[in-house]
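For reference, the structure is listed below as structure tokens.
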Amino acid sequence: MIDRKMKNLELQKKAQISGNIIIRLNKDEFVSMETIAEIWDVLECGVGNILEFSKD
């Protein structure tokens, strides 16, 4: 988002996701893969740019 100079509200509108999902993303909470796919489409990026895998 930084590279594209995009704010949360713009991502929300372009990806057609709710404000609650933006909040979840900011808090590192669960977001469905369907939602992640929508964000990938809008940001035109790869998995590694959005997700970080770690053992809990």
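Predicted model, so just to flag it, every value in this text is computed and none were measured.
The CH2 atom of W40 lies 11.0 Å from the OG1 atom of T35; values are rounded to the nearest 0.5 Å. Note that NZ of K27 and CD1 of I22 are 13.5 Å apart. Values are rounded to the nearest 0.5 Å. The CZ atom of R24 sits 6.5 Å away from atom OG of S18, with the distance rounded to the nearest 0.5 Å. To the nearest 0.5 Å, atom SG of residue C45 and atom CD1 of residue I39 are 9.0 Å apart. Interatomic distance, L11 CG to I21 CD1, rounded to the nearest 0.5 Å: 10.0 Å.
What you find for Q12 and I17 is that their closest heavy atoms are CG-O, 2.8 Å.
In terms of hydrophobic clustering, with Ile, Leu, Val, Met, Phe, Trp and Tyr side chains grouped at heavy-atom distances under 4.5 Å, V31 and I23 are assigned to different clusters. By the rule that hydrophobic residues join a cluster once side-chain heavy atoms approach within less than 4.5 Å of another member, V42 and L9 end up as members of separate clusters.
Few gaps surround CD on E29; more than 12 heavy atoms of other groups in view lie less than 6.0 Å from it.
Counting heavy atoms from C-beta on, the side chains of K14 and D41 never come closer than 4.5 Å. Considering only heavy atoms from C-beta on, E10 stays 4.5 Å or farther from R4 through its side chain. Between N8 and N26 the shortest side-chain heavy-atom distance falls below 4.5 Å.
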